[in-house]
Structure formats: C-alpha cells, structure tokens
K.L.:
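Handing you a structure now.
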Amino acid sequence: MSILEHLNSSQQQAAAHHCGPLLVVAGAGSGKTRVLTHRIAHLLGHHGVDPEAILAVTFTNKAAREMKERLELLLAEQQSRDCHGQPWNTLTELQQRQLRSRVYHETTQPLWIGTFHALFARLLRIEMDNYRDPEGFTWTRQFTIYDEQDVRSLLKEIVTQEMNLDPRSFEPRQVRWTIGKAKNNGLLPDAYAAAHQGRRSERIAEAYRRYRRSLAANNALDFDDLLLIPVQLLRDNAQVREVWHQRFQHLLVDEYQDTNRTQYELLRLLTTNGAAPRTDGSWHDRSLFVVGDADQSIYSFRAADFTILMDFQRDFGDGQADGDTRTMVKLEKNYRSTATILEAANALIANNHDRIEKVLHPTRDRGRPIQLGCCDDELAEADALVQTVLAAKRRNPGLRWGDVAVLYRVNAQSRVVEEALVRSSVPYTVVGGLRFYDRREIKDALAYLRLLVNPADRISLLRVINVPRRGIGKITLQRLTDAATQLGVSLWEILSDAESVQTLAGRSARSVLQFAELIRTLRQQVQHRSPAEVVQRVIEDSGLMAQLKAEDTDEAEERLHNLGELVNAALQYQAETDAPQLRDFLTSAALASEDTDKNKKDLKADRVVLMTFHASKGLEFPVVALVGLEQGLFPNHRAMEDPAALEEERRLCYVGLTRARDELHLFHARARRLWGGERVPALPSCFLEELPEQVVEIQRPRSSGVFLRRQVHRDKLLRSDRPESRPVSHEENTIDTTCAAWRAGDVVEHEHFGQGQVTHCFGAGSKLFLAVKFGKQPPKVLDPRLAPIRRIGAAGAS
DNA sequence: GGCCTACGAATTTTT
DNA sequence: TTCGTAGGCC
C-alpha cells in the first residue's frame with residue numbers, strides 16, 4: 001500500500017478501488033488527477049493488471065498529457081525504490097533516463113490514455129472494415145477527419161444547393177448544431193425524425209441524411225462520428241464488442257460530468273458488453289471508475305449532460321444513500337484556495353438546485369479578503385485591474401506575472417484589458433484564439449496531405465486545386481463536379497482522366513491536368529518516404545512555398561515559418577511513434593487542439609494570462625481576477641430566462657472563483673461597450689449578491705482610465721513641487737486640490753472611531769467622499785469636509 | 001477569373 | 001469592433 005500512503009483517507013479509498021463501479025465526486029482542487037494516477041499505478045503494481053487492459057479517458061489532450069506524465073513520474077519513483085532501493089532524485093542521470101524509458105515502454109505506451117476522440121479514432125483505424133452502416137454507407141481505414149470548417153462547407157452545399165432551402169430559416173450554423181446534437185445523443189437521421197415531429201424537423205432529418213451520405217462519399221468523418229460510429233459498431237457487432245470488452249478490464253474516466261449520451265453509451269458497451277448495467281452483475285470482475293464534479297459542468301452547450309454523473313449511482317452503483325454507499329467517494333478537502341475563497345465558492349454554488357451536495361473544506365487559513373472593484377465603465381475596469389495587478393506585485397515581490405490570471409466571459413472582453421496592460425507595459429498572453437492547425441497555410445498544406453491519403457476527399461481537393469492560383473475557376477470546377485455527380489464517380493476520378501478534363505475544362509484543362517499529375521506524383525512519395533519528407537515535398541512542389549516567398553511581406557514570412565513548424569510537427573510525431581504513417585500524423589493533427597509550440601513558449605515566458613472562464617477549467621493561479629461581472633454579460637443574457645442555463649452560468653462562475661489560490665479580485669463596470677455602438681448601462685451580476693458579505697471588500701476605483709492618465713500629466717504640470725500627489729477626481733474640469741490631496745492609503749484620526757485608513761477616494765469636488773476603514777469594520781464612507789477627521793499619515797509614507 | 005466593397009452578425013469551445 | 005460572405009465590377 002506504500003504508493004497510497006501520501007494520500008488522505010478518501011483519496012486512498014478511491015485509489016485503492018479494484019473492481020466494480022466507483023464514482024469519485026471530486027471537488028475543485030481536491031487532488032483528482034493524483035487519485036487517477038495513483039489508482040492506475042496501484043492497479044498495475046498491486047493488483048498486477050496488464051497495462052493493455054486499462055483505458056483511461058479524458059476530454060482534452062492537455063489532461064491526457066498531464067495524466068501520462070504524472071503517471072510516468074509516479075511509476076519511475078516506484079521502480080526506483082524497487083530496483084535501486086533509493087528515491088528517484090538520488091539516482092544518476094543515466095539511471096533516471098533508463099528507468100524512464102523502461103516505464104514508457106513497459107507501461108505508459110501500452111496503456112490507452114487519451115481523449116475520447118483520439119482513442120476511438122484509433123479503434124476505428126483498426127476496426128473500420130468491420131463496420132456496416134444501417135444505411136449501407138461504408139468508410140475505409142484511410143478515412144479523413146473533417147473539422148468544423150469542412151463540415152460547414154459540406155452542409156452549406158447540401159442546404160443551399162442540393163436542397164434549395166431558404167438560408168435564412170435554415171442557417172447552415174443552426175442546421176449543423178442540430179445535427180451535432182442529434183449525433184451526440186446517439187441519434188441517426190431516422191431516429192432523429194422519429195423523435196422530432198414537424199416540417200422543419202423533417203427537412204433537418206433530410207439534410208442530416210444527405211450529410212451522412214456526403215461524408216461517406218468523401219470517406220470522411222466528423223468529430224461526432226468518431227464516437228457515434230464506434231457506438232453503432234459495438235452495439236451491432238457482438239464479435240467486435242466482445243474483443244474490446246475482453247481487452248479493457250478497467251475503464252477510468254476523467255471529468256465525467258462532461259460526458260454526453262454517446263460517450264456514455266461507449267462506456268456502457270465496453271463495460272457491460274451491452275447488458276443493462278444494473279440488471280446484470282456479470283461485469284463486476286472489472287471496473288468502471290469515473291471522476292467528476294457536477295458543480296463544474298460547463299459544457300452543456302455541446303451536449304455534455306451532467307445528469308449522467310448524477311445518475312451513476314442509480315445506473316451502475318449500489319444506489320445506497322451517501323452514508324452507506326460503497327460505490328461513491330467524495331473528495332471534499334481542498335488543497336488549493338484560502339478558506340475565504342472557498343467560503344465564497346461554497347456559498348455561490350449552494351444557490352444551484354441541481355447538484356450533489358458537497359462542500360469544499362479548506363486546508364488553508366483565511367488569507368486576504370476578496371476585493372470587489374466597482375468601476376464606471378469597461379475602460380476604468382481595465383485600468384483598475386492593472387492597478388490591482390501592479391499592487392499585488394508590489395506587495396509580494398516574489399509574485400511572477402505568470403502567477404496572475406484574468407478571466408472573462410467572452411473573448412471580446414480581452415481587448416480593453418490588453419490595451420490597459422500594454423499601456424502599463426505588463427507582459428501578457430491570451431489563451432485561445434487561432435489554433436496552429438487552423439491557420440490558412442497549415443490547412444492548405446494539410447488539405448494536400450489529406451488528398452494524398454484519401455483520394456475521395458472532395459472538400460480537400462476543392463480547397464487546394466486552385467491554391468496557389470492555377471487559373472482554375474468556379475465555372476470549370478462546377479462543370480467538373482456536375483460531371484462527377486452525373487456519372488456517379490468521385491471528382492478525383494474525373495480529374496485523373498485526361499479526356500474528360502480536355503472536354504470539360506476548356507482553357508483551364510492544362511492547369512487541371514498538371515494539378516492531377518502533381519497529386520499523382522506526390523501520392524507515390526507517400527509509399528516510400530517518411531511523413532515529414534512528404535510534408536516537405538508538398539510544401540515545395542505544390543507551389544505554396546514559392547508563392548509565399550514571392551509575396552515577400554512580413555505576413556508571408558510568418559506563414560512560411562508556420563509551414564516549417566508543420567514539418568517539425570511531423571518530425572516530432574515520427575520520433576514519438578513506432579510505425580509512423582502519414583495517415584496517423586493527419587489524425588493527430590486533426591485532433592490536436594493547441595499550438596504546442598506556442599504553449600511551450602508561453603509557459604516559459606512570464607506573462608499575465610488572459611482567458612475565458614471556460615478555458616480556465618483545470619488550472620490554478622495564485623492571483624485571479626474576474627472581470628465583467630454584470631447582468632447580461634455574466635450571467636450571459638441568453639441564459640437569464642432559462643433556470644437551467646442560469647445554473648450553468650453559476651457553475652461557470654464557481655469554476656472561476658475556485659481557480660484562485662491566494663488572492664481573488666472581482667470587477668464590474670456600471671456601463672460597458674462591447675462591440676462598437678453605444679456604451680450601455682450595466683447592473684452588477686446577481687452572482688455578486690450571492691457571495692457572503694463578510695468575505696468581500698468593496699472598492700470603488702475612482703476614474704475612467706483615459707481621464708486619469710490625462711490628469712496625471714496635467715497634475716504634474718500644476719503641482720510639480722509635489723510629485724507624489726495623485727489626482728482622484730473623475731472629470732477634467734473638477735480638479736480640486738483638496739481632493740487630490742487625499743489618496744487611498746492615507747491614515748486618519750477620527751474623533752469617535754479612532755485611527756483608520758482611507759481605502760478609496762471617489763466622487764469629485766464638493767461631492768468627494770472617502771471610504772475609510774476603521775479596524776475590522778466594513779469601510780465607512782465619509783465627507784472629508786464634514787467628518788471630524790484629520791490626516792495623521794500620508795499614503796506610502798509609512 | 002480575380003479583386004474589391006458593402007453588409008450583417010457576433011457566447012462559451014474540445015475534439 | 002471584427003470577421004466572413006455575397007455580389008458587383010474590371
């Protein structure tokens with residue numbers, strides 16, 4: 001049991017679990033990755049489980065990577081003690097490397113750890129030939145994975161051209177969303193049509209049918225198919241199901257609250273071999289181990305359904321009450337945040353009705369109170385935020401920029417914050433935005449590569465046939481596609497026939513034939529050369545490189561660099577893979593979410609991190625600032641009518657609060673301009689009212705950023721003899737020396753309340769007020785001209 | 001065939 | 001504000 005000795009008792013109980021179902025309700029910061037990795041290590045080491053029998057599923061590549069790395073370290077440590085009788089860090093570098101390599105080959109590599117999509121894409125690459133679609137569609141193992149852009153263009157074609165529907169009432173976006181939702185709920189077109197009556201639904205079902213046919217014709221799958229097709233395969237083919245059921249004796253699922261119905265089906269089929277979970281105990285010689293937190297379910301907009309987690313006890317578990325159950329463990333000890341932050345988070349989430357009762361218990365002391373900044377507008381908010389960051393850094397010199405995170409509800413909010421950071425020369429990085437594999441030049445190169453592997457891929461063919469420009473235009477392509485449709489062959493087949501091209505393409509025939517020849521030549525390379533070499537050939541022979549070189553702009557330079565990075569990515573893939581294949585490199589590219597290269601750089605660079613609440617899940621920072629806590633923005637206006645949606649917004653806020661380790665700063669503005677147009681008044685978010693009063697300190701930063709800066713300048717001119725004085729007024733025409741003389745931090749003596757400190761100056765001129773804090777009382781707002789106070793110490797002079 | 005401009009729409013987002 | 005697209009013009 002030694003490997004579990006550093007865990008607390010609930011963690012131990014979870015990690016020691018051997019067979020049968022177990023739900024681990026893991027609050028934020030309660031050490032869930034620790035439990036997952038320790039359980040795997042325990043299964044391998046203590047129960048002698050074969051690594052090939054374990055399937056560990058996550059939702060993001062990042063989570064998968066982290067799990068793999070931490071598991072490797074844990075196993076290496078364990079082996080170090082077993083083999084050398086000493087801790088890992090006392091080994092020589094050579095011994096460390098040898099051990100690490102052994103751990104990798106013996107355990108981490110044969111283990112199936114990864115995202116749902118990556119793991120089941122892998123399964124499909126093995127089993128695709130055994131799949132028979134109910135409608136007779138087939139795919140080969142060379143299938144292409146379409147991303148959202150590809151999907152959208154395919155659907156747009158179907159909706160507007162094939163079906164001639166009014167694009168206003170059948171927006172491709174909307175249709176795409178509906179079909180995706182059907183797929184994530186495990187519904188094929190007929191099932192969807194049966195479940196949804198009405199003319200509109202009929203049309204959508206028809207679009208769905210045509211869409212699937214089209215995907216099959218392109219030998220392509222979308223992301224949802226990577227899960228839905230395995231479900232159908234395992235459901236309909238008992239032989240295949242038996243193989244995988246036998247293989248995976250132990251299933252572990254991270255972030256279980258984020259599973260959708262289709263993913264649930266996969267888990268169920270693999271675990272019970274198709275039986276209903278409760279009626280049949282025959283699978284209890286194996287395990288289903290799920291870890292999650294219903295309070296952190298924030299992805300229902302993409303069909304995640306946290307009731308799956310809430311129903312685990314009923315579905316798979318013993319269904320006993322919390323005190324008696326042996327199939328649920330709660331991890332409630334939080335090792336991350338101060339008691340104050342947890343108090344706020346617990347109070348907020350208690351307002352949700354749909355949840356499993358759970359309280360985060362602090363292991364740390366109270367720390368600093370939460371600061372709430374009430375600002376005039378989004379500019380003032382951004383400015384106040386920057387001041388807060390600078391103040392935190394001053395207070396704590398050890399704090400790095402990278403220890404600070406700014407979270408917002410929508411990406412559009414980042415701009416103002418960025419501008420304020422730039423003005424104060426604070427280094428920052430924005431998480432999210434354009435992904436490496438979404439860049440135009442990268443998508444172009446990938447489209448060539450996909451076309452080499454999968455000749456049926458018409459979307460990729462159309463993308464590159466005229467990139468770089470070859471003088472092959474709309475008309476020519478229309479003629480060629482029409483001919484292909486009429487003859488019932490693929491577009492590529494038409495292109496590769498010289499006669500057809502001569503007839504159809506007219507004056508662009510020459511270009512078309514040259515293009516076909518280019519693809520044929522490149523395709524031969526796939527057999528003999530490594531993926532990286534093929535990538536290089538494509539970039540050069542297609543003319544992509546020449547075109548960018550000819551442009552000779554900074555942007556083209558950047559794009560060239562990115563293409564170089566693509567070659568590097570292929571090289572890296574080869575280095576990490578035993579039998580590298582271009583096909584599998586393309587899969588990993590399609591499923592990769594982030595720009596790994598940029599990520600590495602950002603981690604090293606010490607910068608304030610800006611991101612959405614969604615993107616912050618799973619991360620933690622010593623200092624966290626939440627901005628834009630306003631009705632309509634957060635909670636978002638689209639969620640405010642619907643109680644379930646409002647609860648999801650609240651969970652999102654809960655996620656934000658629980659990211660903070662030491663300091664939490666909240667901000668809202670009384671007016672905001674989001675995209676152009678008028679600045680609209682805004683009310684504080686209802687979530688703010690749900691935080692306990694005693695843990696929040698209200699601050700009123702004085703002024704809009706623009707005015708403040710202008711005044712600093714003017715102020716210096718006016719009172720160059722007192723360089724330490726700072727302006728506090730709001731409007732330019734009300735600069736008032738009395739008010740400028742007061743500043744936050746000043747120490748005052750009050751006739752009745754004794755000594756206090758000014759926390760804020762707000763208002764201006766005759767309406768100037770001071771917020772003064774006396775002892776532990778909440779701050780009092782005083783008029784400095786009337787109140788019996790006198791200054792006994794200046795800010796910063798202590 | 002290719003470029004330019006005007007117009008409209010715009011949570012959240014992993015795979 | 002910004003992005004993507006549709007349609008018109010050379």
Side-chain angles (χ1 to χ4, degrees), chain A residues 57-64 114-122 145-153 156 160 167-168 171-174 177 180 183-184 221-228 255 258-260 262-263 297-304 378 407-416 418-419 431-435 437-438 440 466-478 505-508 511 587-594 611-618 628 632-640 645 648-649 651-653 655-656 673-679:
Chain A
V57 204
T58 63
F59 277 82
T60 64
N61 291 305
K62 201 165 104 197
T115 63
F116 268 106
H117 292 85
L119 295 175
F120 286 94
R122 191 166 159 190
I145 300 170
Y146 276 174
D147 67 18
E148 280 312 309
Q149 267 182 54
D150 304 320
V151 167
R152 214 189 305 148
S153 52
K156 204 175 127 197
T160 59
R168 267 172 312 178
E171 276 178 69
R173 260 177 62 96
Q174 186 66 35
W177 187 80
K183 285 189 167 187
N184 285 319
L221 300 178
D222 65 19
F223 287 129
D224 306 325
D225 288 326
L226 296 176
L227 307 176
L228 185 55
E255 307 278 15
D258 284 337
T259 44
N260 61 40
T262 306
Q263 289 160 334
S297 162
I298 55 175
Y299 286 116
S300 70
F301 67 90
R302 57 182 203 222
E378 79 282 358
L407 310 185
Y408 36 77
R409 180 66 238 266
V410 299
N411 286 119
Q413 285 173 263
S414 78
R415 224 192 65 233
V416 211
E418 289 182 62
E419 284 166 0
V431 175
L434 194 60
R435 304 183 304 184
Y437 289 105
D438 279 343
R440 198 179 68 205
N466 201 30
V467 176
R469 298 256 144 76
R470 298 188 174 89
I472 305 170
K474 258 191 302 217
I475 307 286
T476 308
L477 284 176
Q478 194 57 55
R507 64 183 161 132
S508 357
S511 311
T587 304
S588 76
L591 299 178
S593 59
E594 69 246 337
M611 63 189 144
T612 61
F613 284 90
H614 283 93
S616 75
K617 192 161 130 197
L633 184 59
F634 192 30
N636 191 273
H637 67 273
R638 296 170 115 116
M640 287 173 64
E648 175 137 329
E649 295 282 303
R651 290 192 292 270
L652 190 55
C653 187
V655 166
R673 174 161 50 199
L674 250 191
W675 350 273
E678 290 298 294
R679 186 170 276 139

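Predicted, not measured: the structure shown is a model, and the values here were computed from it. For the numbers below, each heavy atom of this structure counts, side chains included, while hydrogens, waters and symmetry mates do not. Just so we're on the same page: letters track the sequence lines, and every chain starts at 1.
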K.L.:
From CD of A/Q149 over to C1' of C/dC3, roughly how many Å is that when rounded to an integer?
P.N.:
12 Å
K.L.:
My understanding is that only residues two or more places apart in sequence, or in another chain, count here; which of them pass side-chain hydrogen bond (donor to acceptor under 3.5 Å, both in side chains) with A/S300?
P.N.:
A/E648
K.L.:
Determine whether a donor-acceptor pair (N or O, by modelled atom type, separation under 3.5 Å) exists between the side chain of A/D222 and the backbone of A/I145.
P.N.:
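Judged by distance alone, no pair lies under 3.5 Å.
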K.L.:
Let's see if you can work this out: which of B/dT12, C/dA6, C/dT1 has an atom nearest to the side-chain heavy atoms of A/V410?
P.N.:
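Between B/dT12, C/dA6, C/dT1, the one nearest the side chain of A/V410 would be B/dT12.
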K.L.:
Tell me the interatomic distance from A/R638, atom CZ, to B/dT12, atom P, rounded to whole angstroms.
P.N.:
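Whole-Å distance recorded here is 10 Å.
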K.L.:
Is a donor on one side and an acceptor on the other found under 3.5 Å between the side chain of A/T262 and the backbone of A/K183?
P.N.:
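Such a contact is found between A/T262 side chain and A/K183 backbone.
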K.L.:
Verify the contact: side-chain N or O of A/N61 to OP1 or OP2 of B/dT14, cut-off strictly under 4.0 Å; return yes or no.
P.N.:
no
K.L.:
Quickly work out the A/N636 CG to B/dT11 C1' distance and round it to whole Å.
P.N.:
5 Å
K.L.:
Taking protein heavy atoms under 4.0 Å as touching, what does nucleotides 1-7 of chain B look like 5' to 3' if B marks base contact, S marks sugar-phosphate-only contact and - marks none?
P.N.:
SSS----
K.L.:
Which residue, A/E171 or A/T612, contacts DNA chain B at a nucleotide closer to its 5' end, judged by nearest heavy atom?
P.N.:
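Residue closer to the 5' terminus by nearest nucleotide: A/E171.
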K.L.:
Categorize A/D147 for me: base, sugar-phosphate, or nothing, with a 4.0 angstrom heavy-atom threshold over every strand shown.
P.N.:
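Counting heavy atoms under 4.0 Å across all strands, no contact is made by A/D147.
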K.L.:
Can you check the A/D224 CG to B/dT13 C1' distance for me, whole Å?
P.N.:
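Interatomic distance, CG of A/D224 to C1' of B/dT13: 13 Å.
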K.L.:
Ion pair present between A/E419 and A/R415, side-chain N to carboxylate O less than 4.0 angstrom?
P.N.:
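Yes, this pair counts.
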K.L.:
Taking 4.0 Å as the cut-off, does a side-chain nitrogen or oxygen of A/N411 come that near to OP1 or OP2 on C/dT2?
P.N.:
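Answer is no, no contact under 4.0 Å.
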K.L.:
Please tell me which of A/K156 and A/L674 maps to the more 5' nucleotide of DNA chain C, matching each residue to the nucleotide holding its nearest heavy atom.
P.N.:
A/L674
K.L.:
Against A/Q263, only a single residue in A/L227, A/N184, A/V57 fulfils side chain to side chain contact (heavy atoms under 4.5 Å, CB included); can you say which?
P.N.:
A/L227
K.L.:
B/dT13 C1' sits how many Å from A/F613 CZ, rounded?
P.N.:
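Taking atom C1' of B/dT13 as the reference, CZ of A/F613 is at 16 Å.
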K.L.:
Do the ring planes of A/H614 and A/Y299 sit parallel (below 30°), tilted (30 to 60°) or perpendicular (above 60°)?
P.N.:
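The arrangement is tilted - the two ring planes meet at 30° to 60°.
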K.L.:
Please state how far atom CH2 in A/W177 lies from atom C1' in B/dT13, giving the value in whole angstrom units.
P.N.:
14 Å
K.L.:
Once rounded to the nearest 0.5 Å, what's the spacing between atom CZ of A/R122 and atom OG1 of A/T587?
P.N.:
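These two atoms lie 11.5 Å from each other.
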K.L.:
For B/dT12, is chi within 90° of 0 (syn) or not (anti)?
P.N.:
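Because its glycosidic torsion lies more than 90° from 0, B/dT12 adopts the anti conformation.
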K.L.:
Can you tell me the distance, in whole Å, between the CE atom of A/M640 and the C1' atom of B/dT11?
P.N.:
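Those two atoms, CE and C1', are 14 Å apart.
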K.L.:
At 4.0 Å (heavy atoms only), tell me whether A/Q263 reaches a base, stays on the sugar-phosphate, or touches nothing.
P.N.:
nothing
K.L.:
Among B/dT13, C/dT5, B/dT11, find the nucleotide with the atom closest to the side chain of A/A615.
P.N.:
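Nearest listed nucleotide: B/dT13.
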K.L.:
Report which part of the nucleic acid A/F301 touches: base, sugar-phosphate, or nothing (heavy-atom distance under 4.0 Å, all strands).
P.N.:
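Base contact - A/F301 has a heavy atom under 4.0 Å of at least one base atom.
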